[in-house]
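Written below as structure tokens is the structure these notes are about.
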Amino acid sequence: MRRPLLGLSLCFSLGILCEEIFQSGVWMVCLTTILFLAGYFLLRRKGMVSVVLLYLSVVSLGAFRLAVNELPPRQNHLLHMIHGNSPWVSCEGVIVSDPEIRVLKSNNRESIRELQKKTSFTLRVETITQFGNTLPASGYLKVIVRNTRDGKLFYGDKVKLRGKLNPTPIQKNFYLFDYSTWLKRQGIFHVLSVEDLDNVILCAHNKGFFLTSLGYKLRANINKSLRLGLENETELSSVLSGMILGYRDEIPANISEEFQRTGTFHILAVSGQNLTFLAFVFIVILRSFGLSKWRCGYVVLPVLVLYCASVGWQPGCLRAFWMAAVVIGAWMMIRPFDLLNALGCAALITLGWNPQELFDLGFQFSFSVVLCLIILTPWVWDKIKGFFEPDPFLIRELISHKDRLWKYGAGGVIQMTISSGVAWIASLPFTLYYFHTFAPVTVLANMFIIPMATIILSLGLISFLGSFIHPWIALLYNNANYLFIKILLVGIHFFSTIPGGCIYLSFDAQKIPKNAFILHCLEAGNSQSYILQTEKSVYVIDTGNENCARFITIPYLKALGVNRVDGLILSHADAQHTGGAVYFLKNFPVDQIWTVSYTHLTLPTNREV
């Protein structure tokens with residue numbers, strides 16, 4: 001079967017990449033595209049020449065799409081209106097992302113047990129007021145509202161905010177994720193810091209895209225039904241919400257760390273498994289009522305769109321939706337389909353809508369892994385399936401139970417092992433480059449987690465659908481899910497503690513000469529943390545507060561390829577220096593701890609250390 005869409009999508013991606021590197025400009029790329037297209041139509045009957053010209057035209061189209069996306073903004077764009085740090089400003093606009101709430105430990109010197117809530121979201125700006133002048137504006141802001149103890153903000157709310165406006169923060173810690181660049185790829189060049197909810201005025205509701213608003217309301221209802229009976233089990237219910245809805249804000253840091261160490265964090269991101277299962281269940285139910293294929297398709301596709309909206313249009317979910325749309329469309333029209341063509345179609349639509357998705361980790365990871373699974377898994381299985389197949393000349397009735405058990409039992413395990421191994425190999429370049437992690441335990445962990453995740457997703461879907469009939473149905477299935485999530489977390493913890501299961505590697509860290517050392521001074525805002533690295537030893541001097549330890553100190557050690565710290569030195573008894581010590585010790589191996597004599601007398605966490 002021919003697969004033209006796969007080749008076209010690869011060419012389109014190549015064009016985007018070329019434009020990102022060479023920055024040719026929109027007019028040059030436009031002229032090149034016109035020339036290639038003219039050559040193709042003039043020579044379309046010349047066999048291979050026309051094919052080459054067609055693919056070159058698609059490469060140019062990809063470059064043109066990115067060039068158009070990077071055209072200079074309009075005059076009233078925030079980039080033209082704000083230069084450097086600005087004094088206090090007032091902005092009015094619409095919230096266009098689902099607000100994320102993060103619970104932070106206070107930097108109070110006396111106690112770090114005091115909790116604060118920080119809400120962050122993306123704002124589409126309509127007007128801006130600075131120096132007493134109110135002007136129309138366009139563009140997007142990243143907004144951070146601190147001390148959000150009361151009140152709630154939602155997608156689509158029109159709000160007026162007052163705060164301090166600054167350019168996106170530059171990443172000063174060399175090996176860590178460059179958040180500023182990521183924001184700029186989303187079209188966000190400034191961050192608005194709002195002190196508290198007193199500086200937020202709610203003007204109106206439901207001003208966002210109606211489908212996204214409907215999806216988020218659906219997500220809130222699903223989340224509520226999934227937590228019935230699990231109100232006191234926030235750890236388990238947060239994992240359940242993460243698996244089904246991609247809602248990871250409330251998942252404890254230690255559980256997230258275990259998922260990362262085992263290379264199974266993908267089950268907390270909505271992917272093709274969720275969409276495939278949802279489509280399968282609805283098709284089976286609708287067909288059991290006698291509905292035709294066409295009517296099933298008309299019902300299932302809108303359901304999948306609504307599910308994509310409820311999880312925030314995540315790249316993996318969108319990829320799965322477009323593939324499912326192609327497959328279901330072919331099924332409705334009784335036409336053959338090809339998964340590689342469906343994958344190519346999904347990539348073309350996604351990149352055509354937003355070419356910046358090519359540089360997003362979620363897009364890269366999702367499409368690469370699925371591509372390898374489609375190509376390599378059947379190829380490997382075809383090489384070895386002869387060992388598990390019974391005599392092909394035997395009729396079904398003459399095949400013994402032993403042979404059937406060998407075929408479906410051992411053969412099924414081997415197929416699962418092949419799929420897990422192929423997925424791990426496909427994801428290896430990304431885990432090494434982005435996370436500096438080599439986790440061979442992933443192959444075994446996936447063989448345990450994927451079946452468990454399927455059961456949990458099944459019970460979760462039944463729980464939500466049953467909640468429309470009676471809350472007791474949701475309560476019953478949630479309690480059944482309690483057992484399976486508990487088993488899942490125990491298994492994750494077991495795999496995360498296997499020696500050598502996860503190794504941190506570095507390919508660009510400096511080589512330290514003998515009798516020399518490197519002192520890494522980490523930029524962590526009000527917190528302080530240092531890493532002293534010699535030829536054979538690594539010492540951490542203070543961890544900073546808990547957020548610093550989680551998002552800066554530990555990731556920096558991983559990027560250096562450090563798997564064990566020889567010593568942790570705690571120099572001060574305050575939250576800025578030692579507030580993250582407990583979290584650090586729980587999530588990173590340490591041989592020895594040094595602390596000054598008075599440190600254990602000051603803070604509760606230091607006594608816990």
Side-chain angles (χ1 to χ4, degrees), residues 233-240 242-243 248 250-269 365 413 416-417 419-421 423-425 427-428 430-432 434-456 481-506 531 537-540 543 546-547 549-568 580-593 605 608-609:
E233 299 290 342
T234 55
E235 185 177 279
L236 302 182
S237 59
S238 63
V239 173
L240 181 60
M243 294 178 62
R248 303 188 293 267
E250 298 179 9
I251 297 178
N254 61 314
I255 293 180
S256 295
E257 186 69 25
E258 289 179 352
F259 275 107
Q260 291 176 19
R261 282 202 296 266
T262 55
T264 55
F265 199 78
H266 59 86
I267 72 166
L268 299 177
F365 189 90
V413 171
M416 190 180 299
T417 306
S419 299
S420 180
W424 176 68
I425 292 171
S427 64
L428 191 58
F430 303 103
T431 56
L432 286 173
Y434 288 105
F435 305 110
H436 308 277
T437 303
F438 177 74
V441 74
T442 303
V443 179
L444 294 175
N446 274 329
M447 293 176 62
F448 165 75
I449 286 169
I450 297 301
M452 292 297 299
T454 304
I455 296 172
I456 292 170
N481 240 343
Y482 171 88
L483 173 64
F484 290 105
I485 297 174
K486 199 74 174 176
I487 295 172
L488 175 72
L489 294 181
V490 170
I492 287 289
H493 179 71
F494 168 75
F495 286 114
S496 70
T497 56
I498 293 177
C502 177
I503 302 170
Y504 303 119
L505 302 174
S506 178
I531 298 173
S537 304
V538 176
Y539 298 89
V540 174
T543 61
E546 184 172 315
N547 298 298
R550 180 180 179 183
F551 298 110
I552 296 178
T553 308
I554 291 180
Y556 199 91
L557 287 168
K558 294 177 182 178
L560 291 175
V562 176
N563 291 279
R564 193 174 194 87
V565 170
D566 295 275
L568 173 61
V582 172
Y583 178 85
F584 187 90
L585 291 170
K586 287 181 178 178
N587 292 279
F588 211 88
V590 177
D591 289 337
Q592 300 181 61
I593 302 175
T605 51
E608 192 174 346
V609 169

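Being a predicted model, the structure only gives us computed values, none of them experimental. Keep in mind that the numbers below use all heavy atoms, side chains included, and drop hydrogens, waters and symmetry copies.
At least one donor-acceptor pair under 3.5 Å links the side chain of Ser237 to the backbone N or O of Thr234.
Across every non-hydrogen atom of Ile554 and Phe588, the tightest pair is CG2-CD1, 4.0 Å. Among all heavy-atom pairs drawn from Val538 and Ile531, the shortest one is CG1-CG2, 3.9 Å. Nearest heavy-atom pair, Lys558 versus Gln260, reported as atom, atom and distance to 0.1 Å: NZ-OE1, 4.2 Å. The two atoms that bring Thr543 and Ala581 nearest to each other are OG1-N, 3.2 Å, heavy atoms only. The shortest heavy-atom contact between Pro252 and Glu235 is CG-CG, 3.9 Å. What you find for Ser420 and Val443 is that their closest heavy atoms are OG-O, 2.8 Å.
No more than 12 heavy-atom neighbours from other residues, nucleotides or ligands sit within 6.0 angstrom of CZ on Phe494.
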message = Under the criterion side-chain contact (heavy atoms from CB on, under 4.5 Å), I'd like the reasoning laid out for Phe259 against Leu489: C-alpha separation, chi angles, the key distance, then a yes or no.
response = CA-CA 9 Å; Phe259 275 107; Leu489 294 181; 4.2 Å; yes

Working for side-chain contact (heavy atoms from CB on, under 4.5 Å), residues Leu557 and Tyr504: CA-CA 9 Å; Leu557 287 168; Tyr504 303 119; over 6 Å; no

Discussion item. Quick one, Ile267 with Ile456, criterion side-chain contact (heavy atoms from CB on, under 4.5 Å). Give me CA distance, side-chain angles, the key distance, then yes/no.
Written reply: CA-CA 11 Å; Ile267 72 166; Ile456 292 170; over 6 Å; no

(request) List the steps, then state whether side-chain contact (heavy atoms from CB on, under 4.5 Å) holds for Leu268 with Met243. (result) CA-CA 5 Å; Leu268 299 177; Met243 294 178 62; 3.8 Å; yes

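Remark: Ser537 engages no residue in a side chain to side chain donor-acceptor pair (under 3.5 Å) (not counting sequence neighbours). For His266, the side chain to side chain donor-acceptor pair (under 3.5 Å) partners two or more places apart in sequence, or in a different chain, are Asn446.
A 4.5 Å side-chain heavy-atom check between Pro589 and Asn563 finds every atom pair outside the cut-off. Proximity of Thr431 to Thr442: side-chain heavy atoms (C-beta onward) are nowhere separated by under 4.5 Å.
Distance check: Ile251 CD1 to Leu240 CG gives 10.0 Å after rounding to the nearest 0.5 Å. Of the inter-residue distances, the one linking Ile450 atom CD1 with Ile455 atom CD1 reads 12.0 Å to the nearest 0.5 angstrom. Lys486 NZ to Leu236 CG: the interatomic distance, rounded to the nearest 0.5 Å, is 5.0 Å. With rounding to the nearest 0.5 Å, the separation of CG in Asn587 from OG1 in Thr553 is 12.0 Å. Interatomic distance, Ile503 CD1 to Leu432 CG, rounded to the nearest 0.5 Å: 10.5 Å. How far CH2 of Trp424 is from CZ of Phe438: 4.0 Å, rounded to the nearest 0.5 Å.
Considering Val441, Thr264, Thr262 as possible partners of Ser496, the one that fulfils the side-chain contact (heavy atoms from CB on, under 4.5 Å) test is Thr262. For the side-chain contact (heavy atoms from CB on, under 4.5 Å) with Ile492, the lone residue among Arg261, Glu258, Met452 that qualifies is Glu258.
Between Lys586 and Glu546 there is no salt bridge, since no side-chain N of the basic residue sits under 4.0 Å from a carboxylate O of the acidic one.
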